[in-house]
Chemist: 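Just dropping this structure here.
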Amino acid sequence: MSTSISTSGADEMAVVAPNLESTAITQASHAPQVEDENMSSDDDVPLKKKTNGAGQKRAGGGGSSSSDDEKPLSKKPRTSTGAAAKKRRIIASDSEESDAGPSVKKELAPTPKTNGASKPRSSNAKKEISYSESDLSEDERPLAKKKATPKGAPVTNGNGKPKSKPKKPVTSESESEPSPSEESSEDEKPLAKKKPAAKPRKSASSAVATPATKKKTTIVKAEVDSDDDEVPLAKGKGAKGKSKVEDKKPIVKKEKKVKEEEEDEDKFKWWEQQEALGDGEVKWTTFEHNAVLFPPPYIPLPKNVKMKYDGVPLTLPPESEEVAGFFGAMIETDHAQDAKFRENFFRDFKGVLEKYPPKEDVKVKTLEKCDFKPMFEHFEREKEKKKAMTKDEKKAIKDAKDKMEAPYLFAMVDGRKEKVGNFRAEPPGLFRGRGEHPKKGTLKHRLRPEDIVLNIGKDAPIPKANIPGNWKGIQHDNTVTWLAHWKENVNGNAKYVFLSAGSSWKGQSDRAKFEKARELIKHVDKIRKDYTEDLKSKVMADRQRATALYFIDRLALRAGNEKGEDEADTVGCCSLRYEHVTLSPPNKVIFDFLGKDSMRFHQEVEVDNQVFKNIKLFKAEPKKKGDDLFDRLTTTLLNKHLNSMMPGLTAKVFRTYNASWTFQQQLKNTPKNGTVAEKIAAYNTANRDVAILCNHQKTVSKGFEASFAKAEDKIRALKYQRMKLRLQLFSLDPKIKKKRPELAEDESDLDEDFFERHETELMEKALDAARKKHEKDNVKLEEEGQSKKGKADLDERLKEIKAEFKELKKERKSKKVEPRKGATDEKLLEQIGKMDERIATARVQLEDRDKLKDVALGTSKINYIDPRLTVAWAKKYDVPLEKLFSKTLREKFPWAEAEADAKWVF
DNA sequence: ACTACAACTTAGAACCGCGGTA
DNA sequence: TACCGCGGTTCTAAGTTGTAGT
């Protein structure tokens, strides 16, 4: 542990996760203040006061069971049998590298009764609860007062620029559209070049231009689609028109040799520009794209494929058949077993059937009587067919698809070609909400152009949809980066089409994110000092905020906004409730709750004494299950405070900062002289530590258990071989037992049960091989015109084999193994040594696999770890970058590759 | 202040294709 | 020669943050 002690003086604070234990100790020593005393006494009990509608239960509750803690409340609490059980997540049993970051011991032991799944959730509003005066002086008033800071100041966005942008709701209004004129004029130059001076001026003017000009957003009715939309990306803005997908660029300075190089130079290297580009209001001046690609219309199933109801095949109109098919395709998944999912699906299915009933006069009343198997089997057959297609057929299909998609792949931004991300309109289907989402199973409607609003350059041609219909609206807002947007029917959430992760827009903001996290390094000492102080604040709101911040910093919790009743009940720091945190004296806190995506966060953590006391206080009477732990705190308040400590600082920055910092620290364990594989292993270990810190999980794949067991047996098989070698050695040279007593020890892990199994297996294999050989020989003999060997011959051979194995078994039992011919002490010893090595590496691999089975490395690599750390590390240790970053990742982080050398530090 | 909305980042599951292999 | 495990990619759900409207 503590790789961290090293380095600078900044250490103590800067190092992430200064071990909580030590902190606790130091803290404990000083400052017992009046209120502390009080606290331990009565006073943990704030005055009882209003309680409001606290107890209110959430409906579905599903929790059924808070019953046993062993249960992964997270995923599919489904009652169902094996399948669900197998998927269960396992809490890491130890953290070994204790040092990893905000060190927290993963808990080993089961825990108290709290259960993240327990439902009672009070109403959304923060309830206010009063705390006793003895404890906290002022502050009867909850969230209101204090915060002397930016009182009168206008709302700014950190740059001091007013950030206003009254947005017009998307109406079908016709437009009025005045003039972003000045912009377009002065703007021939790509955004990049702008002098900084230009920025303020612009945004100022646009902000001022207010109502009349209604900024740069205009929304027009979609009736367009008439004019020149044949020409997609091309035209508009003369010059730029030419870079069509396929054509090569003529211009540019010198002629390049290789094509690839050409493309390369073609890419916009925004990071080489002098000024920051991303932080302006205006994101583009010209913007062309082809909007979204709608999925093909529904194709009815063959006539002979029908779902059955109560045994009767139903002839469904395409509209209802499609919906039946959505479910039919899923009947073997966990979703289809889920009560809520079924309920919601069936409600919507019935609705559709109402409008599009089956030909037969059958009333569909219960889902139980629906038999989708014929549909399911049909889909399976189709899949098979697809798989069985020849290469050429597959290729033909792929080519057709590529051609269809080609126009959507890229957008033109200020004359540059940029890759579009999710250009496909989401197809209809059943909503797959995570965890106990109350809406899961709900039918997601098919999108039409009428649902979709486009954001596109003023002079750009309006793209034509690939299915009939007119866009819901067109706007030209150059302060945002989305291409298209719609509202999804299930939850009413907005969906957007953006450029891809490799685009300059995304790249710039990504880089800015990491730069902000690095900026935090400079402030974190002070921030930690402050919140440590505030843990003792007399102002309840401050004390809660400090405590929350402590968790966000040390445990990398998310901010935790309030959520609605019609979403899964998950929480983050600020929304933690009474039941999510349990105290375990003297100074441990046990967290057990469902976080984003309903992933369980279950950790036992040692905390500062003051934090312990605070939690006790926050949980004191009259608070109860369902109440907010931090009843005086919201994410807004927290972020406001953070922003006052460092411009632009918000809760999520801590996650980025802690993740990257931890990674950097852990990378110091890289073996300087190791092989590439060893170095990569060290890299992955560091990555894993970060993933654990951030609680990034994945479901254990269903085959895992089996394949793990198999791998264990393989190791045992190696040990078995080793044993045989040893015994040979002893027969050859009995004295060696004395000289090398360690060799006399039996292999671990091998029991009678295994021997039986293994030997039988080996024998079966040998027998099989003999039979095959027999057949093969006969074929050969026949070809050569000779007479075949008879069955007796084979039987004879089989008998021999069986006898051999009997002998083997006897040898094993008697522990006397006849040395094979040519065996010598030296050779055997060498073989044993080799075997030891193989066993050891296999063991290590297996353990690694076990540790990673429920940890997802990708998310932290993609979102939290500054890519420049990877680039620098690769350079420093001479490991090819492509071993660390996949193609897409490299496309996402070109700026890191360009920027970081071997010495770069976070 | 509080809610609703808008825009963007973060997230695990599902899907897909590839190379090893029984 | 199909199977299978796995990493990479795609998909879209679920967060955070900031602003606007009331």
Chemist: Under 4.0 Å, heavy atoms only, any strand: does K652(A) hit a base, just the sugar-phosphate, or nothing?
Modeler: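 The residue K652(A) makes sugar-phosphate contact but no base contact.
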Chemist: When all nucleic acid strands are considered with a 4.0 Å heavy-atom cut-off, which category describes T636(A): base, sugar-phosphate, or nothing?
Modeler: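 No contact at all - T636(A) keeps every heavy atom at 4.0 Å or more from the nucleic acid.
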Chemist: Using the 3.5 Å cut-off, write out each protein N or O paired with an N or O of nucleotides 6-8 of chain C and the distance between them.
Modeler:
residue : atom : partner : partner atom : Å
dC6(C)  : OP1  : R849(A) : NH1          : 3.3

Chemist: Does a side-chain N or O of T570(A) approach OP1 or OP2 of dA14(C) to a distance below 4.0 Å, or not?
Modeler: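 No.
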Chemist: Extract all donor-acceptor atom pairs below 3.5 Å that involve side chains of residues 382-389 of chain A and protein atoms in other chains or at least two apart in sequence.
Modeler:
residue : atom : partner : partner atom : Å
E382(A) : OE2  : K385(A) : NZ           : 3.2
K383(A) : NZ   : E380(A) : OE2          : 3.1

Chemist: Name the nucleic acid region contacted by R558(A), choosing base, sugar-phosphate or nothing; use a 4.0 angstrom heavy-atom cut-off, strictly under.
Modeler: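 Result for R558(A) = sugar-phosphate.
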Chemist: Would you say a side-chain N or O of K283(A) is under 4.0 Å from OP1 or OP2 of dC8(B)?
Modeler: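 So the side chain of K283(A) is within the cut-off, an N or O lying under 4.0 Å from OP1 or OP2 of dC8(B).
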Chemist: Heavy atoms under 4.0 Å, any strand shown: does K383(A) hit a base, just sugar-phosphate, or nothing?
Modeler: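 If one applies the 4.0 Å heavy-atom cut-off, K383(A) turns out to touch nothing in the nucleic acid.
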Chemist: Taking ring pair (Phe, Tyr, Trp, His ring centres under 6.0 Å) as the definition, give me every residue that meets it alongside F893(A), ordered by chain and number, with sequence neighbours left out.
Modeler: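 F893(A) satisfies ring pair (Phe, Tyr, Trp, His ring centres under 6.0 Å) with F885(A) only.
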Chemist: With a 4.0 Å cut-off, would you call D392(A) and K395(A) a salt bridge?
Modeler: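 No salt bridge links D392(A) with K395(A).
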Chemist: Base, sugar-phosphate or nothing for F498(A)? Non-hydrogen atoms, less than 4.0 Å.
Modeler: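 The answer is base, as F498(A) lies within the cut-off (heavy atoms under 4.0 Å) of a base atom.
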Chemist: Within the structure, does a side-chain N or O atom of R655(A) lie under 4.0 Å from either OP1 or OP2 of dT17(C)?
Modeler: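 Answer no for this pair, as no side-chain N or O of R655(A) is under 4.0 Å from OP1 or OP2.
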Chemist: Hey, is the side chain of N639(A) poking within less than 4.0 Å of OP1 or OP2 on dT17(C), counting only N and O atoms?
Modeler: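 Yes, such a contact exists.
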Chemist: By nearest nucleotide on DNA chain B, pick out whichever of K892(A) and Y496(A) is the more 5' one.
Modeler: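 So the residue in question is Y496(A).
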Chemist: Give a yes/no answer on whether the side chain of H437(A) brings an N or O atom under 4.0 Å of OP1 or OP2 in dA13(C).
Modeler: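 Answer is no, no contact under 4.0 Å.
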Chemist: Going by side chain to side chain contact (heavy atoms under 4.5 Å, CB included), name the residues that satisfy it together with R432(A), two or more places apart in sequence or in a different chain.
Modeler: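 M330(A), H335(A).
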Chemist: Test of understanding: with side-chain hydrogen bond (donor to acceptor under 3.5 Å, both in side chains), list the residues that count as partners of T636(A), not counting sequence neighbours.
Modeler: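 Checked T636(A) against side-chain hydrogen bond (donor to acceptor under 3.5 Å, both in side chains); zero matches.
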Chemist: Is any side-chain N or O of K495(A) closer than 4.0 Å to OP1 or OP2 of dA13(C)?
Modeler: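 Result: yes.
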Chemist: In this structure, how many angstroms lie between the P atom of dA6(B) and the CG atom of N478(A), rounded?
Modeler: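 To the nearest whole Å, that distance equals 18 Å.
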Chemist: Using a 4.0 Å heavy-atom cut-off across all strands, classify N561(A) as base, sugar-phosphate, or nothing.
Modeler: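 Touches a base.
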Chemist: Mapping R432(A) and C694(A) to their closest nucleotides on DNA chain B, which lands nearer the 5' end?
Modeler: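 On the 5' side of the pair lies C694(A).
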Chemist: What is the nucleic acid contact for G858(A), judged by heavy atoms within less than 4.0 Å: base, sugar-phosphate only, or nothing?
Modeler: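 No contact at all - G858(A) keeps every heavy atom at 4.0 Å or more from the nucleic acid.
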Chemist: Does A559(A) reach a base, just sugar-phosphate, or nothing at all? Heavy atoms under 4.0 Å.
Modeler: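 Sugar-phosphate: the residue A559(A), judged by heavy atoms under 4.0 Å, touches backbone atoms but no base.
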Chemist: Classify the side-chain pair Y496(A)/T481(A) by whether it contains a donor and acceptor separated by less than 3.5 Å.
Modeler: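 Note: Y496(A) and T481(A) side chains miss the donor-acceptor criterion.
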Chemist: Please list, chain by chain and in numerical order, all residues satisfying ring pair (Phe, Tyr, Trp, His ring centres under 6.0 Å) with F379(A), sequence neighbours excluded.
Modeler: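 With neighbours one apart ignored, the set is empty.
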